[in-house]
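What follows is a single structure, written as C-alpha cells, with notes after it.
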There are 2 protein chains.
Amino acid sequence: MAADASTRPGRPGRRPGPTETREKILDCARRLFAEKGYDGASLRGIAREAGVDPALVHHFFGTKQGVFIEAMRFPIDPQAILSRVAGTRSRDELGVALAEVFLEIWEDPARRVPVLAMLRSAMTNEQVATMMRQFVSAALLGPVTEAFGIAPIRVEAAVGQLIGVAMLRYVLGVEPIASATRQELVELLAPTLQRHFDEG
Amino acid sequence: MAADASTRPGRPGRRPGPTETREKILDCARRLFAEKGYDGASLRGIAREAGVDPALVHHFFGTKQGVFIEAMRFPIDPQAILSRVAGTRSRDELGVALAEVFLEIWEDPARRVPVLAMLRSAMTNEQVATMMRQFVSAALLGPVTEAFGIAPIRVEAAVGQLIGVAMLRYVLGVEPIASATRQELVELLAPTLQRHFDEG
DNA sequence: GCTTAAATTCAACGCATGATGAATTCTACT
DNA sequence: AGTAGAATTCATCATGCGTTGAATTTAAGC
C-alpha cells in the first residue's frame, strides 16, 4: 500500500487514526539521549527522528527537561531487582546474583537504552547528576545497606566495579572486555563483588 | 598599580610584554573540557574565561579539535606510572601500588583536570572515545600484559573498578565514597585489584 | 451533526555556536 | 631605524538550538 499522504508529515492538523506519536517521540528521545547524552541530544533531532515537527515535542512535554524526565520514567524498577537479588539466594551468593542481574539489564536493549542515557547524561549535566545521585542513594544504597547490613562504602565499591566495567564494555568498547560473553563476565565479576560484601 | 589599558582586552593588536596568552587559553580549555566535556565546552566560553577574543583561540589552534588535542597533551605519562607501579614492588603488592598511584593522580588537581576532561568527553564524543580506547589499549593494556603476564581482561576489570569508583567519587559525588580519605580508599580497593591479578 | 478539545504543522524569535578574513598593535630581527 | 611576522581584536557568516503563538486538521462527546 502506498504511503497515504494524510499520514505523512508535511501538512498541519491531526493525523487520522489513533495517536501513536507520543510514544514514538519518547522512544526516539531515549535513543538519542542514550547516544549523545542530555546536552548532546536536541529536541529538533528527536523530532526529526520521530518524523514530527519540533513544536509537537514541545506541545507534549513542554520543555526539554520534560522530555528527559518522561523518557526516563521507569527505566528499571529497583525494587524488582532487589528482590531478584535477595530473593532465593543466601548471602554468600550475592556476588553471582548481582553480576547476573546487572548483565541482564545491559544486554537487553530495551533496558540498556535508558540506563545508558542516564549514565551519559549524568556525566556532563549537573541536574541529571543530581537525579542519579539521589537514585543511587535512595534506591540502591539504602535498601541494600538495610537488608544485608553491608557498609555503604562497600556497596558503592561494588557498584563502582559494575559501572566501570559497563563503561569499558558498552561506552568505550575496549577489547577484549567488549566482546566477552556474559558467562565470562559473571565469572570475572562475581568473586570481586562477593569480596566487597564479605569483608568488614 | 592601576590596570594599564594596553594590557587589557578591548583594543586590537598585540599586547605589550612577553606572550603568556597561549598557555592561559590551554589552561582554561582544560578546565572547561573537564567541567563540561568536549561538546559542552565552547570555544567562546574558553576565550571568555581566558579574557581573550574567540578568534585568538582559532588563530593559535585552528579548530576546536585542535584546542582539545593540544590541551590533552601529556596529561599523564603512562610509562612513569608503570615504572612507579612495577618498580620497587613484588607482584603481590601490585594492588596496593596501583590503588595508590591512581588516587595520587586524582587527588592532584593539576593531573585530575585533564583526566576528568578526557573521561567526560569520551562519554559523549565518539572521536574522543576512540582516542581513549587507543590509549587504554596501547599505553595500559599492552605494557601491563607483557610485563606481568596478566590476562588483558583481568587488567580491564581492575581498570574498570578504578574508573567506576572515580565516577562515583569525583563525578557524581555519591556519599560516603566522595568524602572517604585516601587511606580508606586504598584499603578498600587494593585487595580487589590484587584479586584480579592473582586469579587465572 | 455540532462543538469542544486534542494533535499537528508553520513561521518566527533570540541566542549561542564554530569558523573566517581583514584590520591593528606590538615584538624581533636586521 | 626599518621591516617582517606574530599577537590580538572586530565584524560577520551560516547553522543549529529551545521556545513560542497562531493556524489547520482530525477525533470525541453530546
Side-chain angles (χ1 to χ4, degrees), chain A residues 3-26 28-29 32-33 35-71 121 124-125 127-128, chain B residues 3-26 28-29 32-33 35-71 121 124-125 127-128:
Chain A
D4 185 349
S6 67
T7 56
R8 264 211 326 271
R11 205 183 41 162
R14 186 168 185 160
R15 300 182 192 174
T19 304
E20 73 243 346
T21 324
R22 201 189 130 101
E23 284 310 310
K24 185 164 190 185
I25 292 177
L26 283 181
C28 298
L32 286 184
F33 283 135
E35 280 176 23
K36 317 192 179 190
Y38 181 82
D39 298 292
S42 74
L43 284 193
R44 295 170 116 96
I46 293 169
R48 206 178 307 129
E49 202 88 350
V52 142
D53 189 276
L56 186 58
V57 181
H58 172 263
H59 172 253
F60 278 134
F61 308 104
T63 157
K64 184 179 183 180
Q65 198 176 157
V67 181
F68 184 78
I69 291 180
E70 206 67 15
S121 302
T124 46
N125 188 282
Q127 298 183 52
V128 180
Chain B
D4 185 350
S6 67
T7 55
R8 266 211 326 270
R11 205 182 40 163
R14 185 168 187 161
R15 301 181 192 175
T19 303
E20 74 242 345
T21 322
R22 204 189 128 101
E23 284 311 311
K24 184 164 191 186
I25 292 176
L26 284 181
C28 298
L32 286 183
F33 282 135
E35 279 176 24
K36 317 191 180 192
Y38 180 82
D39 299 291
S42 74
L43 284 194
R44 297 169 116 97
I46 293 169
R48 207 178 307 129
E49 202 89 348
V52 143
D53 190 276
L56 185 60
V57 181
H58 173 262
H59 171 254
F60 278 134
F61 308 105
T63 159
K64 183 180 184 179
Q65 197 176 161
V67 181
F68 184 79
I69 291 180
E70 205 67 14
S121 303
T124 46
N125 188 283
Q127 298 183 54
V128 179

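Side-chain atoms are counted along with the backbone in the values below, which use heavy atoms only and exclude waters and symmetry mates. Each chain gets a letter, A, B and so on, in the order its sequence line appears, and its residues count up from 1.
For the segment residues 39-47 of chain B, the set of residues with a heavy atom within less than 4.0 Å of an atom of DNA chain C comprises B/Ala41, B/Ser42, B/Leu43, B/Arg44, in numerical order. Within residues 53-62 of chain B, the residues that place at least one heavy atom under 4.0 Å from DNA chain C are, in residue-number order, B/Ala55, B/His58.
Atom CG of B/Leu26 and atom P of D/dA7 are 13 Å apart (whole Å). Across the protein-nucleic acid pair, B/Glu20 atom CD and C/dC26 atom P stand 15 Å apart, rounded to whole Å. Remark: P of D/dT15 and CZ of A/Arg48 are 14 Å apart, rounded to the nearest angstrom. Atom NZ of B/Lys64 and atom C1' of C/dA19 are 12 Å apart (whole Å).
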Could you tabulate the donor-acceptor pairs under 3.5 Å formed by side-chain atoms of residues 19-26 of chain A, not counting sequence neighbours?
| from | atom 1 | to | atom 2 | distance (Å) |
| --- | --- | --- | --- | --- |
| A/Arg22 | NH2 | A/Glu70 | OE2 | 3.3 |

Could you give the side-chain donor-acceptor pairs of residues 49-61 of chain B under 3.5 Å, partners two or more places apart or in another chain?
| from | atom 1 | to | atom 2 | distance (Å) |
| --- | --- | --- | --- | --- |
| B/Glu49 | OE2 | B/Arg31 | NH2 | 2.3 |
| B/Asp53 | OD1 | B/Ala55 | N | 2.8 |
| B/His58 | NE2 | B/Gly62 | O | 3.1 |

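At D/dA27, none of the side-chain N or O atoms of A/Thr19 fall inside 4.0 Å of OP1 or OP2 (strictly under the cut-off). For C/dT8, the OP1/OP2 oxygens have a side-chain nitrogen or oxygen of A/Thr21 closer than 4.0 Å.
Between the two ends of the helix from C/dG1-D/dC30 to C/dT30-D/dA1, each summarised by a five-pair axis, the helix axis turns through 10° (rounded to 10 degrees).
Taking each heavy atom of A/Val128 and A/Ser121 in turn, the nearest pair found is CG1-CB, 3.7 Å.
Ring geometry for B/Tyr38 against B/Phe33 counts as parallel: the plane angle stays under 30°, on a 0 to 90° scale with 60° as the upper cut.
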Apply side-chain contact (heavy atoms from CB on, under 4.5 Å) to B/Leu43 and B/Val67, showing your working.
CA-CA 9 Å; B/Leu43 284 194; B/Val67 181; 4.0 Å; yes
Give each protein N/O atom lying under 3.5 Å from an N/O atom of nucleotides 27-30 of chain C, with the pair distance.
| from | atom 1 | to | atom 2 | distance (Å) |
| --- | --- | --- | --- | --- |
| C/dT27 | OP1 | B/Gly17 | N | 2.7 |

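Judged as a side chain to side chain contact (heavy atoms under 4.5 Å, CB included), and not counting sequence neighbours, the contacts of B/Lys36 are B/Leu32. Scored by the side chain to side chain contact (heavy atoms under 4.5 Å, CB included) test, A/Gln127 finds A/Gln65, A/Asn125 as partners (sequence neighbours excluded).
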